[in-house]
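Below you'll find the structure, written out as structure tokens, and then a few comments.
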Amino acid sequence: MSGSAHGTSHAGLLITAFAIGVIVGAPTMAMATMRLPQRLTLILALSVFWLGHLVAALSTSSTIVLIARVVTAVATGAFWSVGFVVATAAAGPHEATRATGVFTTGHALVVDGGQIV
């Protein structure tokens, strides 16, 4: 993005759009996917996340990149809302805190690692 004609303000818009998408997406997608199996929800969320980033990476249109960022943000919200439940349930009551930490760390590494690559 640094060599882009849009510059810093466009990069800030993309980051803000992603943040708003996660904030809106997490509770919305938690309610929308409540009746789906958790495993299916996680697989769908990761698939949308992956495809959205692929579209953003291959696009030459800033509008398409912005839309793809919002879509991936909503998928991230869905993944977080279900992933925490699955992680803590799988770990059990005595290890729930540790499972939350591992989940959060793993997700942060993936998201931040994706920004670096």
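Values below: all heavy atoms of this structure, side chains included; hydrogens, waters and symmetry mates excluded.
Residues passing the side-chain contact (heavy atoms from CB on, under 4.5 Å) test with T63, sequence neighbours excluded: S61, I67.
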List the atom pairs, with distances to 0.1 Å, where a side-chain N or O of residues 85-93 and a protein N or O form a donor-acceptor pair under 3.5 Å, not counting sequence neighbours.
{"from": "T88", "atom 1": "OG1", "to": "F84", "atom 2": "O", "distance (Å)": "2.9"}
{"from": "T88", "atom 1": "OG1", "to": "V85", "atom 2": "O", "distance (Å)": "3.2"}

Determine all donor-acceptor pairs shorter than 3.5 Å in which one atom belongs to a side chain in residues 13-29; sequence neighbours excluded.
{"from": "T16", "atom 1": "OG1", "to": "G12", "atom 2": "O", "distance (Å)": "2.8"}
{"from": "T28", "atom 1": "OG1", "to": "V24", "atom 2": "O", "distance (Å)": "2.7"}

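Chaining together hydrophobic side chains whose heavy atoms lie under 4.5 Å apart places W50 alongside L51, L54, L58. The hydrophobic cluster around I64 extends to V55, counting ILVMFWY residues whose side-chain heavy atoms fall within less than 4.5 Å of a member. Hydrophobic cluster membership of M34, counting Ile, Leu, Val, Met, Phe, Trp and Tyr whose side-chain heavy atoms lie under 4.5 Å apart directly or via other members: M31. When hydrophobic side chains of Ile, Leu, Val, Met, Phe, Trp and Tyr are connected at separations under 4.5 Å, L36 ends up clustered with L40, L44.
A donor-acceptor contact shorter than 3.5 Å links the side chain of S81 to the backbone of A78.
For the atom pair R69 CZ and T76 OG1, the distance stands at 8.5 Å (nearest 0.5 Å).
One hydrophobic cluster, built from ILVMFWY side chains closer than 4.5 Å, holds both L42 and F103.
F49 and T72 get closest at one heavy-atom pair: O-CG2, 3.5 Å.
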